[in-house]
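For reference, the structure is listed below as structure tokens.
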Number of protein chains: 2
Amino acid sequence: MRGHQVTIKDIAKILHISPSTVSRALKDHPDINPQTKKNVQELAKKLHYKPNQIALNLLQKESKLIGVIVPEIIHYFFSTIISGIEKIANESGYHIIIAQSNESYHKEVENIQALLSSNIDGFIITMAKTTLNFDHFKNVEEIGVPMVFVDRACDKVTADKVLVDDFDGAYKATKHLIDNGCKNIIHLAGPQNLDIGIQRKEGFLAALNDSNISIGDYSIQICDTHDHALKLIPEILSRHNNIDGIFAVNDLTAIGAMKAVKSINKKVPDDIAISGFTNSFISYIADPELTTVDQKGFEMGQHAARMLLKRMQSDENYGPVTTILNTDLIIRKSSLKKK
Amino acid sequence: MRGHQVTIKDIAKILHISPSTVSRALKDHPDINPQTKKNVQELAKKLHYKPNQIALNLLQKESKLIGVIVPEIIHYFFSTIISGIEKIANESGYHIIIAQSNESYHKEVENIQALLSSNIDGFIITMAKTTLNFDHFKNVEEIGVPMVFVDRACDKVTADKVLVDDFDGAYKATKHLIDNGCKNIIHLAGPQNLDIGIQRKEGFLAALNDSNISIGDYSIQICDTHDHALKLIPEILSRHNNIDGIFAVNDLTAIGAMKAVKSINKKVPDDIAISGFTNSFISYIADPELTTVDQKGFEMGQHAARMLLKRMQSDENYGPVTTILNTDLIIRKSSLKKK
DNA sequence: CAGCTTATTTCAAACGTTTGCGAAAAGAGT
DNA sequence: ACTCTTTTCGCAAACGTTTGAAATAAGCTG
């Protein structure tokens with residue numbers, strides 16, 4: 001039961017003038033008689049006239065909407081990215097439509113299609129873990145809708161990207177564990193089809209290498225969820241009881257590992273030091289508090305939004321830009337061994 | 001530099017037929033020659049034709065967009081609500097635009113205005129804590145845009161609401177603490193201008209009453225943030241060292257309290273048992289794991305979306321509906337005293 | 001072959017707004 | 001009185017799509 005929204009035509013009919021005159025009067029066009037303007041503006045105010053954004057969108061072929069596709073908003077990191085995007089977008093009169101892929105390739109494709117037909121002006125995307133085919137992104141590229149990747153980017157597509165220096169972050173975290181006395185660190189790694197999985201692993205390996213620490217065949221475990229770590233860690237530790245450090249690809253996995261370690265009555269950090277990656281809220285909640293790499297989600301979101309706005313507002317077709325933000329190592333108790 | 005999106009007109013021009021024929025051919029209208037249909041549909045597929053949603057919106061006077069205004073998406077509870085909304089909305093071809101109020105009244109008003117002019121079809125709102133004036137909601141009501149409140153509702157406005165039984169949840173949590181041996185429980189309460197603050201406090205008081213436990217002047221403390229609890233709890237405990245239970249209005253505050261308790265070398269739960277409210281992700285991360293009241297954000301979101309859809313699709317103006325979901329007490333270690 | 005039916009297609013209006021151009025009216029200058 | 005300018009306004013097209021109604025062509029009946 002929507003009350004009929006007041007339109008320009010309504011105002012025109014009431015004042016016995018044409019819609020075009022009303023339109024111009026409302027925007028203070030010099031061609032319009034001051035008296036007419038006054039009449040129109042007063043009536044518009046009285047009737048609570050609001051321009052119909054949809055009609056404007058149709059005319060201007062833009063929707064002032066940015067489509068944001070992330071795996072899951074319940075993850076702190078992604079919600080901080082979204083907040084960063086929202087802030088910058090709002091400042092320029094844009095709004096954001098959020099869709100979640102739930103890490104599913106199919107849902108990602110579906111979302112892209114759906115948002116495309118909603119005439120999104122641009123995309124900001126964090127790829128799903130399971131995405132191995134990139135035709136949907138290529139499609140976006142072909143259609144010419146600007147697109148910025150955040151955190152997890154797609155190589156096969158020409159698009160702007162905002163990344164963090166995963167290699168360096170992982171290197172710093174691993175080096176920190178080594179400096180704190182760890183001699184046998186394992187890495188709980190992310191999927192190796194994603195750049196972040198690869199880079200963090202490489203940073204880990206490089207740090208070990210630079211410290212002349214040998215790498216066992218068990219040193220790298222593909223494991224990037226809380227529950228998997230809960231199961232995996234006791235198993236690994238039973239086979240390799242000299243492990244004294246864990247660097248996990250994300251905080252949640254690190255905390256799963258932390259719980260697992262505590263569950264078999266080993267101490268964190270004294271028996272096993274742990275570092276995560278992301279600096280999500282839970283790293284602060286964990287006990288002991290989790291050492292981690294701050295991934296600066298809010299800033300990433302802001303950067304991504306700025307890049308997208310620039311791209312949308314530009315007429316020339318400049319080449320793709322990649323921004324790499326640096327990370328900060330946040331040292332907390334989970335990595336500080338006593339001696 | 002947008003590539004021109006393929007339109008019905010383009011297809012019509014190429015096949016030398018009229019746009020209306022194309023339109024009907026695409027939707028398998030019986031009036032159209034099968035051969036024509038085939039030509040059209042094949043070409044449409046080949047050119048990746050996608051109907052322009054904006055044009056449809058204009059025609060149908062709807063945007064297929066639902067405006068969602070929440071305080072902060074980084075909070076687990078709100079992001080689960082959003083996920084619930086998104087699921088139901090998507091199933092009906094709607095998308096959601098998310099705006100955050102950051103608990104600020106002014107930002108809330110701003111968001112409402114902005115989304116209104118984006119021709120949102122409906123609102124789902126969780127009020128900001130600081131909202132005391134309701135004119136912006138009344139405005140929405142007057143314009144006739146359907147609106148559903150979630151969790152934190154506004155009494156002064158006629159609108160659908162989805163609430164949880166805060167009173168009962170608080171009662172159950174408090175009763176559980178009592179049953180586990182607590183004799184002197186304090187409540188860290190939310191703002192008393194919000195119904196949830198009042199109801200949870202009342203549930204707490206009722207449980208104490210029913211167990212004939214006396215209530216001290218310090219039994220209720222307005223305190224609903226992690227950091228406030230961190231400061232407040234040591235102070236209170238130093239003045240009332242027989243306190244043996246804490247019921248906090250939300251999980252984050254409970255965990256702040258838990259940390260504070262541990263910091264002064266008291267044991268959770270043996271010295272002081274703790275229960276939170278919400279069952280957010282961190283309650284599972286906490287050590288000891290936090291007993292809490294499951295607030296079912298996802299279901300709340302789903303309910304809210306269904307109610308909104310029903311309201312939007314209905315022609316008759318039925319009275320406002322309030323749905324109250326029941327809560328589940330999730331018992332974990334933080335409340336289970338040894339003896 | 002006139003009249004009727006059926007199949008297929010096009011026309012035109014509509015949604016709400018903007019905008020280039022032309023039109024009408026009034027005033028100014030010569 | 002004639003032209004020229006200025007002021008003020010309306011017409012019509014455009015954005016992409018849908019849809020009732022009208023148009024066309026072809027086939028059929030008697």
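Lettering of chains follows the sequences in order, A, B, ..., and the numbering in each one begins at 1.
Listed pair A:Ser23 / C:dT17 fails the phosphate criterion, with no side-chain N or O lying under 4.0 Å from OP1 or OP2. Between B:Lys9 and D:dT17 there is no side-chain polar atom (N or O) within less than 4.0 angstrom of OP1 or OP2. Checking the phosphate oxygens (OP1, OP2) of C:dT8, no side-chain nitrogen or oxygen of B:Lys37 falls inside 4.0 Å.
Nearest to the side chain of A:Leu58, among C:dC15, D:dC15, D:dT8, sits D:dC15. Residue B:Thr36 places its side chain closer to C:dT9 than to any other of D:dT8, C:dT9, C:dT17. Of the candidate nucleotides D:dG16, D:dT19, C:dT17, C:dT17 has the atom lying nearest to any side-chain atom of A:Ile8. For A:Ser20, counting side-chain heavy atoms from C-beta on, the closest listed nucleotide (C:dT9, D:dA12, C:dT10) is D:dA12. The listed nucleotides are C:dT8, C:dG16, D:dG10; the one nearest the side chain of A:Ser18 is D:dG10.
No side-chain donor-acceptor contact under 3.5 Å links A:Gln302 to the backbone of A:Gly84. Judged by distance alone, with hydrogens and angles left aside, the side-chain atoms of B:Asn139 form no donor-acceptor pair with the main-chain N or O of B:Asp135 at under 3.5 Å. In this structure, the side chain of B:Lys37 engages the main chain of B:His29 through a donor-acceptor pair within 3.5 Å.
Atom CG in A:Asp31 sits about 12 Å away from atom C1' in D:dG10, given to the nearest Å. D:dC9 atom C1' lies 14 Å from atom CG of A:Asn39, rounded to whole Å. The distance from atom CG of B:Asp10 to atom C1' of D:dA14 is 14 Å, rounded to the nearest whole Å. The distance between atom NZ of B:Lys64 and atom P of D:dT17, rounded to the nearest whole Å, is 17 Å. The NZ-C1' distance, from B:Lys61 to D:dT17, rounds to 16 Å in whole Å. Put simply, NZ on A:Lys27 is 7 Å from C1' on C:dT18, counting in whole angstrom units. Atom CG of A:Asp28 and atom P of D:dC9 are 13 Å apart (whole Å). Rounded to a whole Å, the CG atom of B:Leu15 is 15 Å from the C1' atom of C:dT10.
Contact annotation for A:Ile32: backbone-only contact, meaning every heavy-atom pair under 4.0 Å involves sugar-phosphate atoms and none involves a base. At a threshold of 4.0 angstrom between heavy atoms, the contacts of B:Asn52 are confined to the sugar-phosphate backbone, with no base atom among them. In this structure, A:Asn33 reaches the sugar-phosphate backbone alone: every heavy-atom distance under 4.0 Å involves primed, P, OP1 or OP2 atoms, never a base. Contacts of A:Ile17 with the nucleic acid, taken as non-hydrogen atoms under 4.0 Å apart, involve only primed sugar atoms and P, OP1 or OP2.
In the interface, the side chain of B:Arg24 is not paired with the base of D:dT17 through any donor and acceptor atom under 3.5 Å apart.
Around atom NZ of B:Lys138, more than 12 heavy atoms belonging to other residues, nucleotides or ligands sit under 6.0 Å away.
Comparing A:Val22 and B:Thr7 along DNA chain D, the residue whose closest nucleotide (by nearest heavy atom) sits nearer the 5' end is A:Val22. Comparing A:Tyr49 and B:Thr21 by the nucleotide of DNA chain C that holds the closest heavy atom to each, the one mapping nearer the 5' end is B:Thr21.
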Legend entry - Stepwise side-chain contact (heavy atoms from CB on, under 4.5 Å) test for A:Leu309 and A:Met312: CA-CA 5 Å; A:Leu309 288 172; A:Met312 294 190 306; 3.6 Å; yes
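For the residue pair B:Lys50 / A:Gln113, a side-chain donor-acceptor distance below 3.5 Å is found, with atom types taken as modelled.
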